[in-house]
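Presented below is the structure to which this report refers.
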Amino acid sequence: MFALVDANSFYASVERVFRPDLEGRAVVVLSNNDGCIVARSDGAKALGIKMAVPYFEVRDLIERNDVAVFSSNYTLYDDMSRRAQEVLRPFADRMEVYSIDESFLFWRHECPWQQIGEQILSRMQRWTGLPVGVGFGPTKTLAKLGNHLAKRAIGATGVHVIDTYAQATDALSKVEMTDLWGIAHRMLKRLAKLNIKTPLELRDANPHYVRKSLGVVMEKMIYELRGESCIPLECETPDKQNICCSRSFGQVTNDPAMLREAVATFASQAAVKLRRQDLVAGRLCVFVNTDIHAAVEQYGASWAVRFPPTADTRELAGYATHCLHRLFRPQHFYKKAGVYLMELGKRRTAQPELFEDRALAKAHRLMKVMDNINRDHGRGTVRIASSSPMALNAGRTWHLRSDYRSPRYTTRWDELPVAIARKSKAASAHSSL
DNA sequence: TCTGGGGTCCTAGGACCC
DNA sequence: TCTGGGGTCCTAGGACCC
């Protein structure tokens, strides 16, 4: 069983914890440049303040209703997030920290779920002061759905359990398509073209057919809604694949010196994040944009360079200014710029060793797969596609390639032989992974 | 020279999440 | 006047290799 625990209006709730005098007053928190609303308390939501609206559009409303306004304080939110994680961890067998305000919990055995949910609520309230919602489900997607109902269903109590197929059917009948985790407006339109318009219709759709038109992500979604877990828990936080630092400027500029200073600053801030995770970057990319909201000729471009992996601020800043030089067009006025660090690797590990380790690990995986096949099925070929993004996630997530004839895939190493067996029955002995 | 059945690396873009 | 800042995964095609 999975559970998803998330904090209600996290940033706003954290500010509240430290300002008990705000009791009864609505609260909003603003984005970095005080540009947009990024969190609203229930009271602020009730006033009709939408997520991510520009501050200036709702300023009047906010002032008229005496809403408390905060600039965001990410150091504080990070700290509070860690405290909340410590409270949650002992409840379950395993835990995945999914975002700053959400964690998945996982249990191997049956438990009194409702009761556990209530304990989580009360302990979180007493130990951190944060209001949370808890949703239980046999898959991550259903746990997310449970969480949604825990907070928003009529008479919601903060805990919602989806434990049976009937409960899942009931839950799915109560929500909109876009309430599902992984469906936003574009996917909504594409699903509608397949005549899939409600969450129940999606669950009962033909997975092969959906996969053909919409891809493997939507296919997984169908299985998840049916209670077959396809999205595994990820307990160790994987190393970052990209690190980005970008900002909108208060005013547009076409001054090359200012832009140089800006991207050099972004590069050094990104370098701090890089070193904090003990990583080095092998590639850096700079991007610039004109003001997308202004009625001017738009210009947006990026330029990347590759170099011997480093985490050195001065080197990275140098690459950044070099890239900027390639992009800069004096006729445009720029509103936004940023730096990406890419091709990240572990610091203090020489590249050749890294490569050999990976090759070795690949060989081991291949042998293990072959063993399984030989033991269980006598014959068959498994080919490891190292170009597949999944192959780089060795040992965590595996799925059968799309040209693999089985419509099913597995997300767990130890399920692989089962999937192979299904496939063997259905088609030939030659398979690829 | 042709063929089958692949692999690797790159770019670009689309879609989603918080 | 004023419109955030991060991330991930998947797909598709081209060029080239064995």
Side-chain angles (χ1 to χ4, degrees), chain A residues 4 6-7 9-11 29-39 50-60 71-72 74 77-78 81 97-104 140-141 144 178 180-191 211-221 230-231 234 237-252 266 269-270 273 283 285 287 289 291-294 300-304 306 335-344 362 381 383-393 396-397 399 401-403 409 430-433:
Chain A
L4 180 74
D6 86 331
S9 323
F10 181 58
Y11 299 165
V29 179
L30 303 178
S31 65
N32 256 326
N33 277 342
D34 285 354
C36 290
I37 307 284
V38 291
K50 297 265 186 296
M51 185 66 177
V53 295
Y55 180 39
F56 72 85
E57 284 181 9
V58 286
R59 181 177 286 152
D60 279 353
S71 293
S72 39
Y74 293 104
Y77 307 149
D78 272 332
S81 173
V97 177
Y98 177 67
S99 76
I100 194 164
D101 73 326
E102 286 175 70
S103 292
F104 282 103
K140 280 181 157 183
T141 307
K144 264 272 194 188
T178 49
L180 299 177
W181 186 40
I183 295 187
H185 284 93
R186 294 214 173 80
M187 196 49 78
L188 196 67
K189 282 184 200 154
R190 295 173 64 188
L191 284 163
R211 181 188 185 129
K212 263 189 210 147
S213 344
L214 302 177
V216 66
V217 177
M218 251 334 99
E219 189 202 18
K220 280 192 193 183
M221 169 124 219
C230 299
I231 306 173
E234 302 198 23
T237 354
D239 282 335
K240 287 271 178 277
Q241 299 178 27
N242 292 304
I243 289 173
C244 175
C245 195
S246 72
R247 287 289 180 279
S248 297
F249 304 130
Q251 286 184 328
V252 293
F266 297 150
Q269 287 169 351
K273 296 186 197 175
R283 193 177 169 91
C285 170
F287 66 89
N289 281 107
D291 185 350
I292 55 164
H293 300 290
S302 66
W303 193 269
R306 190 164 309 167
K335 177 67 179 179
K336 185 173 178 177
V339 169
Y340 270 95
L341 300 182
M342 299 178 291
E343 299 186 4
L344 310 184
K362 203 155 117 180
T381 311
R383 187 190 296 269
I384 295 198
S386 51
S387 66
S388 151
M390 289 302 181
L392 296 175
N393 292 333
R396 287 198 289 113
T397 304
H399 75 114
R401 280 174 43 136
S402 55
D403 57 353
Y409 46 80
H430 180 93
S431 335
S432 25
L433 170 68

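Note that the coordinates shown come from a computational prediction; the quantities given were computed from them, not determined experimentally. Residue numbers begin at 1 in each chain, while the letters A, B, ... track the order of the sequences.
Atom-to-atom, CD of A:Q269 to P of C:dG5 comes out at 11 Å; the value is rounded to the nearest Å. Put simply, NZ on A:K336 is 6 Å from P on C:dG5, counting in whole angstrom units. Counting to the nearest Å, the C1' atom of C:dG6 and the CZ atom of A:F287 are 10 Å from each other. As rounded to whole Å, 15 Å separates atom C1' of C:dT8 from atom CG of A:D239. As rounded to whole Å, 19 Å separates atom P of B:dG14 from atom NE2 of A:H185. One atom, CG of A:L188, and another, P of B:dA15, lie 13 Å apart when rounded to the nearest Å. For A:L341 and C:dT8, the CG to P distance is 12 Å, given to the nearest whole Å. Note: CD1 (A:I292) to P (C:dG4) measures 7 Å, nearest angstrom.
For A:R247 and A:F249, the positive end is not near the middle of the six-membered ring at less than 6.0 Å and at most 45° from its axis.
Side-chain proximity of A:P54 to the nucleotides C:dT3, C:dT11, B:dC16 is greatest for C:dT3. Comparing atom distances between the A:N32 side chain and each of B:dC16, C:dG5, C:dC10 picks out C:dG5 as nearest. Picking from B:dT11, B:dC18, C:dC10 the nucleotide with the shortest atom distance to the side chain of A:R283 gives B:dT11. Distances from the side chain of A:F56 to the nucleotides C:dG7, C:dT3, B:dC17 place C:dT3 closest.
A gap of 15 Å separates the C1' atoms of C:dC18 and B:dC2, to the nearest Å.
Across every non-hydrogen atom of A:S71 and A:Y77, the tightest pair is O-OH, 4.1 Å.
Taking side-chain N and O atoms only, A:S248 has a distance below 4.0 Å to OP1 or OP2 of C:dG4. For C:dG6, the OP1/OP2 oxygens have a side-chain nitrogen or oxygen of A:R247 closer than 4.0 Å. Contact annotation: A:S99 side-chain N/O to B:dC17 OP1/OP2 distance is not under 4.0 Å. An OP1 or OP2 oxygen of C:dG6 is reached within less than 4.0 angstrom by no side-chain nitrogen or oxygen of A:N242. Side-chain N/O atoms of A:S246 include one lying less than 4.0 angstrom from OP1 or OP2 on C:dG6. Contact between the side-chain N/O atoms of A:K144 and the OP1/OP2 oxygens of B:dC18 is found at a separation under 4.0 Å.
Around CH2 of A:W303, the count of heavy atoms belonging to other residues, nucleotides or ligands within 6.0 Å does not exceed 12. Annotation for A:R59: atom CZ counts as buried by contact number, over 12 foreign heavy atoms lying within 6.0 Å.
Mapping A:G215 and A:K240 onto DNA chain C by nearest heavy atom places A:K240 at the nucleotide closer to the 5' end.
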Trace of the side-chain contact (heavy atoms from CB on, under 4.5 Å) decision for A:R190 with A:S213: CA-CA 9 Å; A:R190 295 173 64 188; A:S213 344; over 6 Å; no

Dot-bracket pairing map - DNA chain B, Watson-Crick plus G-U, both contacts under 3.5 Å, | cross-strand: ....||||||||||||||

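Looking at A:K50, its side chain never comes within 3.5 Å of a backbone N or O of A:I37 through a donor-acceptor pair. Using modelled atom types, one side-chain atom of A:S72 and one backbone atom of A:L30 make a donor-acceptor pair closer than 3.5 Å.
Taking the six-membered ring for Trp and thresholds of 30 and 60 degrees, A:W181 and A:Y98 have ring planes more than 60 degrees apart, a perpendicular arrangement.
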